[in-house]
**Student:** 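Dropping a structure here in structure tokens format, bear with me for questions.
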Amino acid sequence: MNNYCNRTIKSSGYATDASNFIILTTGESFNLANRKAFNLILCQNIPIQSSNLPVLIQVNGINYPLLDKFGNNVLVSDINTRTRYYLVFGSNPVHFLAFNICSCLNNVDLTATPAVGA
């Protein structure tokens, strides 16, 4: 399996506006072509947000929405620091699609329940 290590986008920081959380990337210039795969590595701590904003990725000075594998917006609560995400760029409409983000876990209670008789 190709890990696309020659197409790695590293975050250089984060920004927010009234309605979006923006992942800022390094100064590298990327050729974004339809169906081209990338690795996205989030390097910095993600700041605590008071609202759960949709995530955009800024590449070459342009903001692109980040979608999960079902086509839904990825929210700040869906991403983690020091994580590599496998992305594919789409051009109609323009977006990044992340294959290894599962936003469904945000609604699951993962606390352990003691076994009966324990």
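All values reported here derive from a predicted model rather than from experimental measurement.
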**Student:** Considering residues at least two apart in sequence or located in another chain, which fulfil the ring pair (Phe, Tyr, Trp, His ring centres under 6.0 Å) criterion with Y14?
**Tutor:** F21
**Student:** Applying a strict under-4.5 Å side-chain criterion to I, L, V, M, F, W and Y, I'd like to know whether L53 and I23 cluster together.
**Tutor:** yes
**Student:** Could you tell me which non-hydrogen atom of S19 sits nearest to which non-hydrogen atom of P54, and how far apart they are?
**Tutor:** O-CD, 3.3 Å
**Student:** Here's a test for you: under side chain to side chain contact (heavy atoms under 4.5 Å, CB included), which of N72, D78, V76 qualifies with V74?
**Tutor:** D78
**Student:** Report yes or no: do I46 and F96 belong to one cluster of Ile/Leu/Val/Met/Phe/Trp/Tyr joined by side chain heavy-atom distances under 4.5 Å?
**Tutor:** yes
**Student:** For S77, is there any backbone N or O sitting under 3.5 Å from a side-chain donor or acceptor partner on N52?
**Tutor:**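 Side chain of N52 to backbone of S77, a donor-acceptor pair under 3.5 Å: yes, one is there.
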**Student:** Carefully, step by step, assess Q44 and S11 under the rule side chain to side chain donor-acceptor pair (under 3.5 Å).
**Tutor:** CA-CA 7 Å; Q44 296 79 19; S11 66; 2.7 Å; yes
**Student:** Grab the two heavy atoms, one from Y85 and one from N80, that are nearest each other, plus how far apart they are.
**Tutor:** OH-N, 2.7 Å
**Student:** If only atom types and distance count, is the side chain of K10 paired as donor or acceptor with the main-chain N or O of L42 below 3.5 Å?
**Tutor:**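 Answer holds: no.
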**Student:** Evaluate the criterion side chain to side chain contact (heavy atoms under 4.5 Å, CB included) for residue pair N73 and D68; output intermediate values, then yes/no.
**Tutor:** CA-CA 6 Å; N73 285 322; D68 67 17; over 6 Å; no
**Student:** By the rule that ILVMFWY residues connect when side-chain heavy atoms come within less than 4.5 angstrom, directly or transitively, which residues belong alongside L97?
**Tutor:**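 Result for L97 is L67, V88, F99.
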**Student:** How many angstroms lie between CD1 in I22 and CG in N63, if you round to the nearest 0.5 Å?
**Tutor:** 4.5 Å
**Student:** Are V55 and L32 linked, directly or through intermediate hydrophobic residues, by side-chain heavy-atom contacts shorter than 4.5 Å (ILVMFWY only)?
**Tutor:**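 As far as the 4.5 Å side-chain criterion goes, V55 and L32 are connected within one cluster.
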**Student:** Are I57 and I62 linked, directly or through intermediate hydrophobic residues, by side-chain heavy-atom contacts shorter than 4.5 Å (ILVMFWY only)?
**Tutor:** yes
**Student:** Return yes if some donor-acceptor pair links the side-chain N/O of T25 with the main-chain N/O of Q58 below 3.5 Å, else return no.
**Tutor:** yes
**Student:** Can you spot which of L75, L87, L56 makes a side chain to side chain contact (heavy atoms under 4.5 Å, CB included) with L66?
**Tutor:** L87
**Student:** Mind checking whether F38 and V59 have side chains closer than 4.5 Å, heavy atoms only?
**Tutor:**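 No, too far: nothing below the 4.5 Å cut-off.
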